[in-house]
Novice: 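This is the structure I have questions about; it appears just below.
Per chain, numbering begins at 1; letters A, B, ... match sequence-line order.
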Amino acid sequence: MDEHYRPHDVEKTAQSYWSEYQVFAVTEDPSKEKYYCLAMFPYPSGKLHMGHVRNYTIGDVISRFQRMCGKNVLQPMGWDAFGLPAENAAIKHQVPPAKWTYENITYMRQQLKRLGFGYDWDRELATCRPEYYRWEQWLFTRLFAKGLAYKKTSPVNWCPEDQTVLANEQVENGCCWRCGTTVERREIPQWFMKITDYAEELLAELDRLEGWPEQVRAMQRNWIGKSRGVEIEFGVAGRTQGLKVFTTRPDTLFGVSYMAVAPEHPLALEAAARNPALADFIEECKTMAVNEAAIETMEKRGVDTGLRALHPFTGVEVPIWSANFVLMGYGEGAVMAVPAHDQRDYEFARKYGLPIKQVIHPRDESPVGLDQQAFTEKGILQASGSFDGMTSEQAFEAIADSLAQDKRGQVRINYRLRDWGVSRQRYWGAPIPIINCPSCGAVPVPDNELPVRLPEDVAFEGVGSPIKKMPEFYQTSCPRCGAAAERETDTFDTFMESSWYYARFCSYDQDRGMLDERANYWLPVDQYVGGIEHAVLHLLYARFFHKLMRDAGLVQTNEPFANLLTQGMVLKDGAKMSKSKGNTVDPQALVDEYGADTARLFMMFTSPPEQSLDWSDSGVEGAFRFLKRLWRLVHEHVHPAQQAGTDADMQAIREMRRLLHECIRSVTVDYQRRFTYNTAIAKVMELINALYKFQDVSSTGRAVMQEALQAVVLMLAPIVPHVAHALWQALGNTGAVVDASWPVVDESALARERIELVVQVNGKLRGRIEVAVDAPTSTIEALALAEENVQRHIVDKSVKKVIVVPGKLVNVVVG
RNA sequence: GCCGGGAUGGCGGAACUGGUAGACGCGCCAGACUCAAAAUCUGGUGAGGGUAACCUCGUGGGAGUUCGAUUCUCCCUCUCGGCACCA
């Protein structure tokens, strides 16, 4: 072996071996336990960033470890290739999005290979390829037939200058990022997927997803937001049609002092015809952002429509206001307002001088201070007619029953979750497979005409989707009646592609169906790894899609991902690495200078996967130094300076073996259960420090050194596979380390005769005692009380209690 | 605004089930090697006090539970992620 560690040679050799013997190509093998490990595939933005390196290192470490544990491991890789950045690049560099994307993929694939990740490259897929998206189009037509895909109007950001729809990130301070024009909200017809039909199952199954972080499950539960409430129909003065609202607090019904409807609500629009102030307000609301954060934080404003709603019990008239915080798309586009018992209603009522009527008081009759804020807790009803004196809980049922009898309301389960809008008015996405016929309406594209191919060779001049201006794309005939018709020119949300790629990896080359029986061998994914930023949207959509595929008979499981690991972000100087902040570090430079193993080791050592990782140049140096130190230790062992002797220090040898096997035990737990590779590496570093001090050149001593070094190489192999490949051979093994088994703990090496216990007095550390492992409690107590420094702290006090924690400590309680 | 995290030496982090706070690494200091430097090796390194043995303080801030709290409970501050068209 080479005396010096030369990472580039070592890595080239190992990678050639893996590729020559197709080490990571897998097929279904019913005789072995399968293990499907998947890291979230990247958007091909140009080159890998540190977040990718971290994500894929974690996935590769898990995969290689499971392989060493004897599993049949599938680890695939692909490209989330549709999306907005390709269009932006097209405008900026005059290059078609397809060309830009494919070139990025070529470059990034080579980067992934250089990092030594053990992917089965045969299964690589790119979502922008028609062979991929055709099956998504196919499934969509099935869902359309089942009524799970439908069209309705929904708001988008509209730039009146560019005549185009903008993504949220293209809106800066309410203005178009390109031309600075004030952006408007516009309602346009769009396609939706009925995820709300699956809300209950998506929620209920979270309880069984024990391999997911509780944090993510909580976020999804809140996102789905199940609540039980009452749908109430208020009358509207002077008309037969009422105004429906949903409330989770029907007990506050007698405190309603106004109603609020969305600016686009039919009642508001109608009233605006006679009310210029209202019309101006509605016009103004069009420039309002569509995202929830903006709506929640903006100033709450409204205008009286002049219309009056009739209270379902009292018949009392309350004003109907139009308010900017009520959105047409959600629920009924109207809410009842109870200022005394809802903080937002309270602030709105204060601002516009609307009445605040208390109808709930606390159970303990304590004052509520309505001059300061709303009283939002539950309590006892007052000023509520025949419901007075009931608790909020009793009143909920009584009021709901009473409303139901008159058919003016009913109990309903409501979800915060809204149906998934999948239409995008953009070019670089999968075409929605629908043909709009003047007489037949929306007609799905027949199977034999799929895929609807997205033209790739397009000129991108400025704004707007090219296919909306290409008659050769959109002009067609109706599959049903044959008349001239137009294709849908909107494309799918890119979350569609990322919602099922994990399944397609199993049936990657199947050209006669979306999936096949191989999916049932591999699924569910045993370990999914990705950023916490995907905790809700991507992970919820993928779960939904899995259930859609299950109900279409394509998969047998209920959930796609059995275990989830959410990795933290990569930071530099405490801030997220980004081009705009100018604090990026290019992983390529790191690999060029130190090699892939140092990059991987640094990523795994610096912090545990779930935490954020702060970049550090000197940390990289440290990782590199460790690999050199490891290399040198093996080299010195393989090329000893002197002949092996016979003079063995058996006690030092026993101690060394005990350290080794304690290390194996602890590192195994870190890999298997905790995913804390930072502590696993730290333990191996400690062992290596001990091995440097272990200078026994007897043949027994050398045998222990050989045993330890073999274990060290095996324990590090998932993290630094190239250097492990080289050292494994240097240690005289036949066969590659990638095919070796994880080391086993020798229980007999762990046995100890004496152990040290800590002695505390009143919880403070005062001394240490050494006892036999099997010493009885009475002996331990006596020794502890006799300890010199302990004596000093108890001599003038009386011992109240002695607590002995076996194997750990003694606490003497004195008073 | 709402939902979910996080906060421990000069820095990244460790302490797994309520039981020795600071493992391991970085940085820094000292020494060895060297003509010298780099590299490498050895030792030290939370703060304060003490010649020393040791003592006091210390895990964002404040309270509480406990023989014992970084760990559990409550309140607060700061910070990060998500909020449905960035992926």
Novice: So what does A/Val805 touch, heavy atoms closer than 4.0 Å: a base, only the sugar-phosphate, or nothing?
Specialist: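 If one applies the 4.0 Å heavy-atom cut-off, A/Val805 turns out to touch a base.
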Novice: Let me know the distance between NZ of A/Lys152 and C1' of B/rA84, rounded to the nearest Å.
Specialist: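 A/Lys152 atom NZ is separated from B/rA84 atom C1' by 12 Å.
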Novice: Does any nucleotide pair with B/rU56 by Watson-Crick or G-U wobble geometry, both distances under 3.5 Å, and what is it?
Specialist: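 In the structure as shown, B/rU56 has B/rA47 as its Watson-Crick or wobble partner.
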Novice: Ignoring backbone atoms, establish whether A/Arg416 has a side-chain N or O less than 4.0 Å from OP1 or OP2 of B/rA84.
Specialist: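 It does not, given that no N or O in the side chain of A/Arg416 lies less than 4.0 Å from OP1 or OP2 of B/rA84.
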Novice: Kindly indicate, with the supporting measurements, whether the criterion side-chain hydrogen bond (donor to acceptor under 3.5 Å, both in side chains) is fulfilled by A/Glu610 and A/Thr566.
Specialist: CA-CA 6 Å; A/Glu610 311 232 54; A/Thr566 48; 3.0 Å; yes
Novice: Of the nucleotides B/rG4, B/rC41, B/rG68, which one has an atom closest to the side chain of A/Arg629?
Specialist: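 Ranking B/rG4, B/rC41, B/rG68 by closest atom to the A/Arg629 side chain puts B/rC41 first.
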Novice: For B/rG18, take OP1 and OP2 only and decide whether either is under 4.0 Å from a side-chain N or O of A/Gln760.
Specialist: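 No, because none of the side-chain N or O atoms of A/Gln760 sits under 4.0 Å from OP1 or OP2 of B/rG18.
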Novice: What nucleotide among B/rC16, B/rA23, B/rG4 has an atom nearest to a side-chain atom of A/Glu686?
Specialist: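 Closest nucleotide to the A/Glu686 side chain: B/rA23.
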Novice: Only pairs with both distances under 3.5 Å count, Watson-Crick or wobble alike; so what is the partner of B/rC86 in this structure?
Specialist: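 Partner of B/rC86: none.
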Novice: Which residue in the set A/Val790, A/Leu785, A/Leu783, A/Leu809 passes side-chain contact (heavy atoms from CB on, under 4.5 Å) when paired with A/Ile769?
Specialist: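 Of the listed options, the one satisfying the test is A/Leu783.
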Novice: Is any side-chain N or O of A/Arg625 under 3.5 Å from a base N or O of B/rU40, one able to act as donor and the other as acceptor?
Specialist: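 Donor-acceptor pair under 3.5 Å: no.
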Novice: Relative to the 5' end of RNA chain B, which residue comes earlier, A/Glu756 or A/Asp493, by the nucleotide with the nearest heavy atom?
Specialist: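 Its nucleotide being nearer the 5' end, the pick is A/Glu756.
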Novice: Could you state the atom-to-atom distance from CG of A/Leu809 to P of B/rU17 in whole Å?
Specialist: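 Whole-Å distance recorded here is 17 Å.
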Novice: Describe the nucleic acid contact of A/Asn811 in one word from base, sugar-phosphate, nothing, applying a heavy-atom distance below 4.0 Å.
Specialist: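 Base contact.
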Novice: Will you find, in the side chains of A/Gln567 and A/Gln611, an N or O donor that is under 3.5 Å from an N or O acceptor?
Specialist: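 A/Gln567 vs A/Gln611: no donor-acceptor pair found between side chains.
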Novice: Base, sugar-phosphate, or nothing for A/Arg344, non-hydrogen atoms under 4.0 angstrom?
Specialist: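 No contact at all - A/Arg344 keeps every heavy atom at 4.0 Å or more from the nucleic acid.
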Novice: Counting side-chain heavy atoms from CB outward, which of B/rU56, B/rC86, B/rA39 is closest to A/Lys628?
Specialist: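 Looking only at side-chain atoms, A/Lys628 lies closest to B/rA39.
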Novice: Classify A/Gln190 by what it touches in the nucleic acid, base, sugar-phosphate, or nothing, heavy-atom distance under 4.0 Å.
Specialist: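 If one applies the 4.0 Å heavy-atom cut-off, A/Gln190 turns out to touch a base.
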Novice: Any salt bridge between A/Arg632 and A/Glu636, counting N to O under 4.0 Å?
Specialist: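 Yes, charged N to carboxylate O under 4.0 Å.
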Novice: Verify whether one side chain among A/Arg424 and A/Gln190 offers a donor that lies under 3.5 Å from an acceptor in the other.
Specialist: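 A/Arg424 vs A/Gln190: no donor-acceptor pair found between side chains.
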Novice: Heavy atoms only, 4.0 Å cut-off, all strands: where does A/Thr297 land among base, sugar-phosphate and nothing?
Specialist: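 Contact class for A/Thr297: base.
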Novice: For A/Thr676, which contact category applies under a 4.0 Å heavy-atom criterion: base, sugar-phosphate, or nothing?
Specialist: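 The answer is nothing, as A/Thr676 stays clear of every strand by at least 4.0 Å.
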Novice: If you assign each of A/Thr606 and A/Ser666 to its closest nucleotide in RNA chain B, which residue comes earlier from the 5' end?
Specialist: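 It is A/Thr606 whose nearest nucleotide is closer to the 5' end.
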Novice: Given B/rA87, B/rC67, B/rU20, identify the nucleotide with an atom nearest to the side chain of A/Val813.
Specialist: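 Taking heavy atoms from C-beta onward, the closest nucleotide is B/rC67.
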Novice: Please determine if A/Glu214 and A/Arg221 form a salt bridge, counting it only when a charged side-chain N lies under 4.0 Å from a carboxylate O.
Specialist: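 Counted as a salt bridge, because a side-chain N and a carboxylate O are separated by less than 4.0 Å.
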Novice: Measuring from the side chain of A/Asn789 (C-beta onward, heavy atoms only), which nucleotide among B/rC55, B/rA15, B/rG25 has the closest atom?
Specialist: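 Selected nucleotide (nearest to the side chain): B/rC55.
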Novice: Calculate the interatomic distance between A/Glu610 atom CD and B/rG4 atom P; express it in whole Å.
Specialist: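 One finds 17 Å between P of B/rG4 and CD of A/Glu610, rounded.
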Novice: Counting any heavy atom closer than 4.0 Å, what does A/Met685 reach on the DNA or RNA strands: base, sugar-phosphate only, or nothing?
Specialist: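 Sugar-phosphate, no base atom in range.
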Novice: Please report, rounded to the nearest Å, how far the P atom of B/rG82 is from the CZ atom of A/Phe495.
Specialist: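 Going from A/Phe495 (CZ) to B/rG82 (P), I get 11 Å.
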Novice: Does B/rU56 have OP1 or OP2 under 4.0 Å away from a side-chain N or O of A/Arg766?
Specialist: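 Yes.
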Novice: By the 4.0 Å heavy-atom rule, please label A/Tyr43 as base, sugar-phosphate, or nothing.
Specialist: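 Sugar-phosphate contact only.
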Novice: Quick check on B/rG4: is either OP1 or OP2 less than 4.0 Å from any side-chain nitrogen or oxygen of A/Asn222?
Specialist: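 Result: yes.
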Novice: For A/Gln170, answer base if it contacts any base atom (sugar-phosphate contacts may also be present), sugar-phosphate if it contacts only those atoms, and nothing otherwise; contact means non-hydrogen atoms under 4.0 Å.
Specialist: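 If one applies the 4.0 Å heavy-atom cut-off, A/Gln170 turns out to touch nothing in the nucleic acid.
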Novice: Over all strands shown, is A/Trp223 touching base, sugar-phosphate only, or nothing at heavy-atom distances under 4.0 angstrom?
Specialist: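 Since a base atom lies under 4.0 Å of A/Trp223, the category is base.
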Novice: Could you tell me whether A/His538 contacts a base, only the sugar-phosphate backbone, or nothing, with contacts defined as non-hydrogen atoms closer than 4.0 Å?
Specialist: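 Contact class for A/His538: none.
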Novice: Give the rounded distance in Å between these two atoms: CG of A/Asn291 and P of B/rC2.
Specialist: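 So the two atoms are 16 Å apart, to the nearest Å.
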Novice: Can you identify which nucleotide, out of B/rA14, B/rG12, B/rC83, has its nearest atom closest to the A/Leu537 side chain?
Specialist: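 In terms of side-chain proximity for A/Leu537, the closest of B/rA14, B/rG12, B/rC83 is B/rC83.
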Novice: Would you mind telling me which of B/rG81, B/rC86, B/rA14 lies closest to the side-chain atoms of A/Glu169?
Specialist: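 Output: B/rC86.
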Novice: If you check every side-chain atom of A/Ile803, which of B/rC67, B/rG13, B/rG81 has the closest atom?
Specialist: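 Between B/rC67, B/rG13, B/rG81, the one nearest the side chain of A/Ile803 would be B/rC67.
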Novice: Identify whether the glycosidic angle of B/rG9 places it syn (within 90° of 0) or anti.
Specialist: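 This nucleotide is in syn.
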Novice: Is A/Asn689 close enough to B/rG25 that one of its side-chain N or O atoms is under 4.0 Å from OP1 or OP2 there?
Specialist: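 Yes, because at least one side-chain N or O of A/Asn689 sits under 4.0 Å from OP1 or OP2 of B/rG25.
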Novice: Starting the side chain at C-beta, find the nucleotide from B/rG19, B/rG81, B/rC16 nearest to A/Arg673.
Specialist: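 The answer is B/rC16, which lies nearest to the side chain.
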Novice: With a cut-off of less than 4.0 Å, is there a side-chain N or O of A/Thr494 near OP1 or OP2 of B/rA87?
Specialist: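 Looking at the OP1 and OP2 atoms of B/rA87, one of them is under 4.0 Å from a side-chain N or O of A/Thr494.
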Novice: Determine: side-chain N/O of A/His793 to OP1/OP2 of B/rC55, distance under 4.0 Å, yes or no.
Specialist: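 Yes, such a contact exists.
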Novice: To the nearest Å, how far apart are A/Met496 CE and B/rA84 P?
Specialist: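 One finds 19 Å between P of B/rA84 and CE of A/Met496, rounded.
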Novice: Looking at the side chain of A/Ala293, which of B/rG82, B/rC83, B/rC67 is the nearest nucleotide?
Specialist: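 Side chain of A/Ala293 sits closest to B/rC83.
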Novice: If only side-chain N and O atoms count, and only distance matters, is there a donor-acceptor pair under 3.5 Å linking A/Glu488 with A/Trp191?
Specialist: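 Looking only at side-chain atoms, A/Glu488 and A/Trp191 do form a donor-acceptor pair, the distance falling under 3.5 Å.
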Novice: Is there a side-chain contact between A/Arg424 and the phosphate of B/rA87, meaning an N or O under 4.0 Å from OP1 or OP2?
Specialist: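 So the side chain of A/Arg424 is outside the cut-off, no N or O lying under 4.0 Å from OP1 or OP2 of B/rA87.
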Novice: I'd like to know if A/Arg217 and A/Asp207 make a salt bridge, using a cut-off of under 4.0 Å between side-chain N and carboxylate O.
Specialist: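 Between A/Asp207 and A/Arg217 there is no salt bridge, as every charged N stays at least 4.0 Å from the carboxylate O atoms.
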Novice: Write down the distance between CD (A/Glu787) and C1' (B/rC54), rounded to a whole number of angstrom.
Specialist: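 That distance rounds to 12 Å.
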Novice: Under 4.0 Å, heavy atoms only, any strand: does A/Met40 hit a base, just the sugar-phosphate, or nothing?
Specialist: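 Contact class for A/Met40: none.
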Novice: Can you tell me how far C1' of B/rG10 sits from CG of A/Asp614, to the nearest Å?
Specialist: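 Distance check: A/Asp614 CG to B/rG10 C1' gives 14 Å.
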Novice: When the C1' atoms of B/rC16 and B/rA21 are compared, how many Å lie between them, rounded to an integer?
Specialist: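 After rounding to an integer number of Å, I get 15 Å for this pair.
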Novice: With a 3.5 Å cut-off and no angle check, do the side chains of A/Asp419 and A/Tyr150 form a donor-acceptor pair?
Specialist: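 On atom types as modelled, these side chains qualify, holding a pair under 3.5 Å.
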Novice: With distance as the sole criterion, do the side chain of A/Glu292 and the base of B/rG1 form a donor-acceptor contact below 3.5 Å?
Specialist: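 A donor-acceptor contact between them is present.
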Novice: Taking any heavy-atom pair under 4.0 Å as a contact, classify A/Leu417: base, sugar-phosphate, or nothing.
Specialist: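 Base contact - A/Leu417 has a heavy atom under 4.0 Å of at least one base atom.
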Novice: Does either side chain, that of A/Trp631 or that of A/Asp2, offer a donor lying less than 3.5 Å from an acceptor on the other one?
Specialist: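 Note: A/Trp631 and A/Asp2 side chains miss the donor-acceptor criterion.
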Novice: Applying a 4.0 Å non-hydrogen cut-off, can you work out what A/Lys764 is touching in the nucleic acid: base, sugar-phosphate, or nothing?
Specialist: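 The residue A/Lys764 makes sugar-phosphate contact but no base contact.
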